[in-house]
Amino acid sequence: ICCSSYFPDKFSVTLFLSVAMKSGGTQLKLIMTFQNYGQALFKPMKQTREQETPPDFFYFSDFERHNAEIAAYHLDRILDFRRVPPVTGRLVNMTKEIRDVTRDKKLWRTFFISPANNICFYGECSYYCSTEHALCGKPDQIEGSLAAFLPDLALAKRRTWRNPWRRSYHKRKKAEWEVDPDYCEEVKQTPPYDSGTRLLDIMDMTIFDFLMGNMDRHHYETFEKFGNETFIIHLDNGRGFGKHSHDELSILVPLSQCCRVKRSTHLRLQLLAKEEFRLSALMEESLQTDTLSPILIRPHLEAMDRRLHLVLQVLADCIEKEGYSNVVEDDLLVEGLNTGTAPQR
């Protein structure tokens, strides 16, 4: 189903029992514990919908956007990947729902009242956790994204993998894949990419990231129990949707180097390029179900349509060069599915 929400409505209104800062990561994230002891990850609003990433920012110092997390969840479902844990928007009262319930003294100490009489806080993290980058309410209401926690590691262990097309995260150095056009041939001979669907899953993730403009896919996770017969979990999408006026073609390098794609993905992309199932229209319709709608401004929706055609052009060039059967892997014969049918509304 394309545009109905599976996310429980209670998730955006259930009371918080406690709040704590999440350790690790570069920017502030909060672990919200509900009264039923369920948990979610809260990313507070850092930019308005209209702001773009400044042109002089490196990808590794970009803000993490709450609306990007929400939009990524909806995009993932429309693409029929379904690898992003559920995310919803929520308007939070910083006084009653964070400051008054937190037992985290380090977090509590960073609350203050701004000269404009708004409640602010900044927490502790590697980037943007200072008075100058404080998160301020109006006067104490702040938007954020709430992402459902995955099962506890004691129940479902996960493995973290370095993305073969990881960027250098350096101001001057380039990664190997940026200078070696035959880099994919090396990846194809390296486990776990030499068997199963892992390489094709990386191509799915590449397309997903390009449509969002997300350059920050340094690692990914899988469930350990299933070995190589598993799927990639699309976590941490907050650096997507930063620039609607620029298409970062380097994100597509894995696809252009490897020239491989699942047939189900190819069919879905072709379908979303048709006027009657236009990606931007489906995204707009889906995002209207979120509490904080509108999630994306019109230029970001239009950018996705533009980028979709660029993806299809890369695949068309690959097919012309290498032949359809050498590029498109028929996963539908195995699964007995036909994802080329119209998305249900």
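Only heavy atoms go into these numbers, but all of them, side chains included; no hydrogens, no water, no symmetry mates.
Between Lys188 and Asp194 no salt bridge is recorded (no basic side-chain N to carboxylate O distance below 4.0 Å). Comment: Lys243 does not engage Glu52 in a salt bridge, judged by the lack of any side-chain N to carboxylate O separation of less than 4.0 angstrom. With salt bridges taken as basic N to acidic carboxylate O contacts below 4.0 Å, none links Glu248 and Arg307. Looking at Arg260 and Glu329, a side-chain N of the basic residue comes within less than 4.0 Å of a carboxylate O on the acidic one, giving a salt bridge. With respect to the salt-bridge test (charged N to carboxylate O, under 4.0 angstrom), the residues Asp247 and Arg306 qualify.
Evaluated for a side-chain contact (heavy atoms from CB on, under 4.5 Å) with Tyr220, the options Ile202, Leu235, Ile233 yield exactly one hit, Ile202. When Asp80, Asp204, Asp331, Asp330 are each tested for a salt bridge (Lys or Arg N to Asp or Glu O under 4.0 Å) with Lys262, only one passes: Asp204.
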Going through the distances and angles, do Ile295 and Met283 end up as a side chain to side chain contact (heavy atoms under 4.5 Å, CB included)?
CA-CA 10 Å; Ile295 302 300; Met283 276 291 288; over 6 Å; no
Does the side chain to side chain contact (heavy atoms under 4.5 Å, CB included) test come out yes or no for Leu75 and Leu279, once each step is laid out?
CA-CA 9 Å; Leu75 175 62; Leu279 175 57; 3.9 Å; yes
Evaluation steps, side chain to side chain contact (heavy atoms under 4.5 Å, CB included), between Cys184 and Tyr193
CA-CA 10 Å; Cys184 185; Tyr193 308 102; over 6 Å; no
Using the rule given for side chain to side chain contact (heavy atoms under 4.5 Å, CB included), can you reason through Asn67 versus Leu296, listing the C-alpha separation, both sets of side-chain angles and the distance that settles it, and then say yes or no?
CA-CA 7 Å; Asn67 61 317; Leu296 296 176; 4.0 Å; yes
Identify every side-chain donor-acceptor pair in residues 311-325 under 3.5 Å, counting partners at least two apart or on other chains, and give the distances.
{"from": "Gln313", "atom 1": "NE2", "to": "Asp317", "atom 2": "OD1", "distance (Å)": "2.9"}

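Aromatic pair Phe16/Phe34: ring centres closer than 6.0 Å.
The environment of CD in Glu229 is sparse: at most 12 heavy-atom neighbours from other residues, nucleotides or ligands sit within 6.0 Å. Heavy atoms of other residues, nucleotides or ligands lying less than 6.0 angstrom from NZ of Lys157 number 12 at most. A 6.0 Å sphere centred on CG of Leu310 holds more than 12 heavy atoms belonging to other residues, nucleotides or ligands.
Between His300 and Phe241, the ring-plane angle classifies as perpendicular under the 30° and 60° cut-offs.
Within the 4.5 Å cutoff, no side-chain heavy atoms of Arg90 are placed close to those of Thr291.
Every pair passing salt bridge (charged side-chain N to carboxylate O under 4.0 Å, His left out) that includes a residue from residues 19-48 is listed here, sequence neighbours excluded: Lys29-Glu64, Lys43-Glu64, Lys43-Glu69, Lys43-Asp236.
With a 6.0 Å cutoff to the six-membered ring centre and a 45° limit on the axis angle, Arg217 does not count as a cation-pi contact of Tyr169. For the pair Arg167 and Trp165, the cation-pi criterion (under 6.0 Å, within 45° of the ring axis) is not fulfilled.
Using modelled atom types, one finds no donor on one side chain facing an acceptor on the other under 3.5 Å when comparing His219 with Asn163.
Proximity of a side-chain donor or acceptor of Asp216 to a complementary backbone N or O of Arg239 within less than 3.5 Å is not detected.
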